[in-house]
Structures are given as structure tokens and as C-alpha cells.
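One structure below.
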There are 2 protein chains.
Amino acid sequence: MENHDKQDLYLVCPYVTAQKVVAGKWAVVVLHHLSGGTLRFGQLQRLMPGLTQATLTKQLRALESSGLVRRQVYPQVPPRVEYSLTPIGQAFRPVLDSIAQWGEKYIAYMQQR
Amino acid sequence: MENHDKQDLYLVCPYVTAQKVVAGKWAVVVLHHLSGGTLRFGQLQRLMPGLTQATLTKQLRALESSGLVRRQVYPQVPPRVEYSLTPIGQAFRPVLDSIAQWGEKYIAYMQQR
DNA sequence: CCGAATCCTTGAAGATACTG
DNA sequence: CAGTATCTTCAAGGATTCGG
């Protein structure tokens, strides 16, 4: 997910770019929760039962390296790590909102069949 | 991608729902192109060099079974197959728009570093 | 022209166990 | 508390070939 030559459309087509960033299965859910404000690792985990620590860590690292999430470590015992959205991560909120709206519509539409 | 029990959040959390529908690597790009109007298979393919026939077919079938895309076959020789957005597929346009806007922002942001 | 049918490779996702 | 470190699995993505 790091190496991009001229052949792929990363950093050319915005849809491809977004696809890559949000590719992770839990990416949008994480971004949604973080759009409500800074959260600790454990808080995020409790908000999303269904993924393991390892999976959540990987997803957060991916979002961090994409530049959407900031990871702040407080050198304490016990450890304390806080996650929050960067400015470009905050800019993703309109996408989250429209996804939520469409998702509701889609759920309703699917249930009435 | 068909079987959903109560344990996953499909048809519960709109973000998870959207994630599943748009999971395919080319899903949003296809939806984007179709949002401009009906297109034949070959036209779609020409718009997206970089994926093979087989891959495009699979992606289109996935979107069709999700209910976002309609597939219309004209029994001719040579064959003619047209793809278009269903109503719920049309409803996805706001998401596409916000994705495009954010994607542009992200690309600009990444290039200036 | 628009696929279907195979086979293959890759890597994301998760389960599990251990640690500063 | 917030991770690492492995191992396994499973299906998406793609290459290739064939067909109506």
C-alpha cells in the first residue's frame, strides 16, 4: 500500500485515492467514532466489539500512515494512547455524513423487500 | 457476501453496510462512471484500463446483486449489454460527490509535502 | 461483443498467545 | 492498557482460455 507508480491511479483519480484510504474493513467505522472526538485505544475497542486488538491496531496504523489519524502516546504506566482525526481526517466528515444518509436509505430499502 | 447473521452489523450500522457494498476495489469508480448515464460493457472497460474483463464482470455482478446497478441484456448478435444505476444506486451520488471533493483535497494535501 | 469457467496468487482479517 | 508476534484462513483480484 506504499508504492505507487504512474500506472495506478493513486493520487490521480480521487475515487481511487479514497478507495485505497478507506479500503480497510473497519476504516469508515473508526473514522466515524473518531469524528466525535479523541478516543483512547480501549474506548475504540469497546465501541467496536467484533474486531480483535490486533485488527484494530492494524487499521489504526493504516489510517495513521494515510495521514487521517493522529496517534498520541503518553509515556505512562499503564500506557495511554489517544487517537484523533488530523485536519485532513476532519475533512472526511462530509463523506461520513453522506455515507450515513445513504446507508440508512439502503437499509430501509432492503428491509421492505 | 450473501449470508448475514445477527452478529455482524450489516443492515444495522449504515457505515458497515456501505463498506460491504463499496468493498470492491473498483466499485466507486464504476458507480462514478455510471452516474453519468447508461453505459455498455465495452464502454466501461475502455473507461477503466487497468482491470480485466473478468474483474469488471465480477464487480458489476456484485453491484447488481447489491441492487445498485441494473443489467439489461439485448438479445442480439453481437451481444449488447447495458448497465445503469437503479434508484438506490442514483441515491449514492451524494456520496460520490463528497468522495470526489475530499479526494481532491487529499491529493493536493499529499502533493504539497 | 460480452461474457463464462478455471486456476492461481496475494494479502487482509482474525485467532491466539505473550509483553513492557 | 495497549500493544507485538505468529499462524491460519479465505476470498478478492487477476491472468488466461474458451464460447455463443
Side-chain angles (χ1 to χ4, degrees), chain A residues 1-5 7-10 15-16 19-30 33-34 38-66 69-84, chain B residues 1-5 7-10 15-16 19-30 33-34 38-66 69-84:
Chain A
M1 207 201 276
E2 289 77 34
N3 219 356
H4 306 287
D5 47 53
Q7 293 180 327
D8 75 5
L9 297 171
Y10 185 68
Y15 300 104
V16 175
Q19 147 67 24
K20 296 224 175 189
V21 169
V22 175
K25 185 172 175 180
W26 300 96
V28 286
V29 184
V30 167
H33 286 308
L34 289 182
T38 300
L39 288 175
R40 298 185 56 171
F41 184 88
Q43 294 180 301
L44 271 171
Q45 203 181 346
R46 260 170 268 125
L47 287 170
M48 295 180 291
L51 41 41
T52 60
Q53 281 185 342
T55 303
L56 179 55
T57 298
K58 281 184 214 161
Q59 181 64 77
L60 285 167
R61 294 305 161 99
L63 288 171
E64 188 192 7
S65 83
S66 295
V69 164
R70 171 170 35 224
R71 177 169 178 266
Q72 182 132 10
V73 182
Y74 298 87
Q76 304 175 348
V77 177
R80 173 189 185 86
V81 181
E82 287 185 349
Y83 292 91
S84 57
Chain B
M1 205 200 275
E2 291 75 35
N3 218 357
H4 306 286
D5 47 51
Q7 291 178 328
D8 74 4
L9 298 171
Y10 186 67
Y15 300 104
V16 174
Q19 147 67 23
K20 297 226 176 191
V21 170
V22 176
K25 186 172 173 181
W26 300 95
V28 286
V29 184
V30 168
H33 286 308
L34 288 182
T38 300
L39 287 176
R40 297 185 57 173
F41 184 88
Q43 295 179 302
L44 271 171
Q45 202 181 348
R46 260 168 268 126
L47 286 170
M48 296 180 289
L51 39 44
T52 62
Q53 282 184 342
T55 304
L56 178 56
T57 298
K58 281 185 211 160
Q59 180 64 77
L60 285 167
R61 295 304 162 99
L63 288 171
E64 187 191 7
S65 83
S66 295
V69 165
R70 173 172 34 227
R71 177 171 178 266
Q72 183 133 9
V73 182
Y74 297 89
Q76 304 176 348
V77 176
R80 173 190 183 85
V81 182
E82 288 185 348
Y83 294 91
S84 57

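Lettering of chains follows the sequences in order, A, B, ..., and the numbering in each one begins at 1.
As rounded to whole Å, 14 Å separates atom P of dC1(D) from atom CD of Glu82(A). Taking atom CD of Glu64(B) as the reference point, atom C1' of dA4(C) lies 15 Å away to the nearest angstrom. Atom C1' of nucleotide dC1(C) and atom CG of Leu39(B) are separated by 15 Å, given to the nearest angstrom. In this entry the distance linking NZ of Lys20(A) with C1' of dG11(C) reads 13 Å, nearest Å. Nucleotide dG20(D) holds its P atom 18 Å from the CZ atom of Phe41(B), rounded to whole Å. Taking atom CD of residue Gln43(B) and atom P of nucleotide dG3(C), one finds them 12 Å apart after rounding to whole Å.
End-to-end axis angle for the helix from dC1(C)-dG20(D) to dG20(C)-dC1(D), using five pairs per end and rounding to 10°, comes out at 60°.
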Side-chain donor/acceptor pairs under 3.5 Å, residues 42-52 of chain A, sequence neighbours excluded:
from	atom 1	to	atom 2	distance (Å)
Gln43(A)	OE1	Arg40(A)	N	2.7
Thr52(A)	OG1	Thr55(A)	N	3.3
Thr52(A)	OG1	Thr55(A)	OG1	3.0

Validation: residues 74-83 of chain B side-chain donor-acceptor distances under 3.5 Å, sequence neighbours left out:
from	atom 1	to	atom 2	distance (Å)
Tyr74(B)	OH	Glu82(B)	OE1	3.3
Arg80(B)	NE	Glu82(B)	OE2	3.4
Arg80(B)	NH2	Glu82(B)	OE2	2.8
Tyr83(B)	OH	Arg71(B)	NE	3.3

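If you check residues 50-59 of chain A against DNA chain D, the residues with a heavy atom closer than 4.0 Å are Gln53(A), Ala54(A), Thr57(A), listed by number. For the segment residues 69-80 of chain B, the set of residues with a heavy atom within less than 4.0 Å of an atom of DNA chain D comprises Pro79(B), in numerical order.
Considering only residues two or more places apart in sequence or on other chains, Gln59(A) meets the side chain to side chain contact (heavy atoms under 4.5 Å, CB included) condition with Trp26(A), Ala27(A), Val30(A), Ala62(A), Leu63(A).
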